[in-house]
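Note that these values count all heavy atoms, side chains included, but never hydrogens, waters or copies made by symmetry. Numbers here are sequence positions counted from 1. Please read these numbers as outputs of a predicted model, since none were measured by experiment.
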Amino acid sequence: MTVADVMSKEVFSCAPEDGVRSALAKMGGGRVRRLPVITTNEGALVGVISMDDVLMSAETTGVGKAGISAEEIVNAFRAINAHRLPMVLAKQAVA
């Protein structure tokens, strides 16, 4: 088995100048805990932002001070961890 056999086919990413709220929305929408941070001009990978990064930043700066509410963080976690079984079964039925 290779990485290609198990990797995600759709890539979600953000740019260094994107807001954390935008990154959280992409994580929730894509059901991913990490986003590659890619420059808009060169398309170069400059880092990775994770839910842990968001949580640690909110913890040290204060949730409200970071511009992100606790509710937004919880909602992103809920979206990321939503039960995926129905999606998998639907894809198998189509195939």
Side-chain angles (χ1 to χ4, degrees):
M1 181 178 288
T2 66
V3 171
D5 295 328
V6 296
M7 71 180 193
S8 300
K9 305 300 185 230
E10 188 172 5
V11 178
F12 298 90
S13 65
C14 61
E17 60 274 6
D18 288 349
V20 175
R21 184 173 281 113
S22 172
L24 272 178
K26 289 179 184 181
M27 288 178 190
R31 293 184 172 177
V32 295
R33 294 176 182 258
R34 295 168 194 83
L35 289 177
V37 181
I38 300 173
T39 59
T40 32
N41 294 337
E42 301 87 25
L45 177 67
V46 293
V48 175
I49 184 171
S50 70
M51 282 301 296
D52 288 349
D53 296 329
V54 174
L55 287 170
M56 294 304 292
S57 175
E59 184 178 290
T60 58
T61 61
V63 172
K65 294 178 187 172
I68 301 295
S69 71
E71 182 178 6
E72 288 174 290
I73 294 171
V74 169
N75 287 340
F77 258 121
R78 284 184 178 143
I80 290 166
N81 294 305
H83 194 56
R84 294 182 184 206
L85 186 57
M87 287 176 36
V88 171
L89 293 177
K91 286 180 183 178
Q92 290 175 351
V94 172

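Residues Phe12 and Val46 share a single hydrophobic cluster, defined by chaining ILVMFWY side chains whose heavy atoms lie under 4.5 Å apart. A continuous path of ILVMFWY side-chain contacts below 4.5 Å connects Val32 to Val20, so both sit in one hydrophobic cluster. Linking Ile, Leu, Val, Met, Phe, Trp and Tyr whenever their side-chain heavy atoms come within less than 4.5 Å leaves Leu24 and Val48 in two separate clusters. Transitive grouping of hydrophobic side chains (ILVMFWY, heavy atoms separated by less than 4.5 Å) keeps Leu35 and Val11 in distinct clusters.
For Asp5 (side chain) and Thr2 (main-chain N/O), a donor-acceptor pair under 3.5 Å exists by modelled atom type. Side-chain atoms of Lys26 never come within 3.5 Å of backbone atoms of Arg21 as a donor-acceptor pair (strictly under, hydrogens ignored). Listed for the Asn75 side chain is a donor-acceptor partner under 3.5 Å among the backbone atoms of Glu71. Side-chain atoms of Ser13 never come within 3.5 Å of backbone atoms of Ile38 as a donor-acceptor pair (strictly under, hydrogens ignored).
Residues Leu45 and Val37 are not in side-chain contact: their nearest non-hydrogen atoms beyond the backbone lie 4.5 Å or more apart.
Under the salt bridge (charged side-chain N to carboxylate O under 4.0 Å, His left out) criterion, Asp53 pairs with no residue, sequence neighbours left out. Under the side chain to side chain contact (heavy atoms under 4.5 Å, CB included) criterion, Ala79 pairs with no residue, sequence neighbours left out.
Of the inter-residue distances, the one linking Met27 atom CE with Phe77 atom CZ reads 9.0 Å to the nearest 0.5 angstrom. In this structure, the separation between OG1 on Thr40 and CD on Glu17 is 4.5 Å, given to the nearest 0.5 Å. Taken to the nearest 0.5 Å, the CG atom of Asn81 stands 8.5 Å off from the CE atom of Met51. To the nearest 0.5 Å, atoms CZ (Arg31) and OG (Ser8) are separated by 12.5 Å. To the nearest 0.5 angstrom, Ser50 atom OG is 10.0 Å from Arg33 atom CZ.
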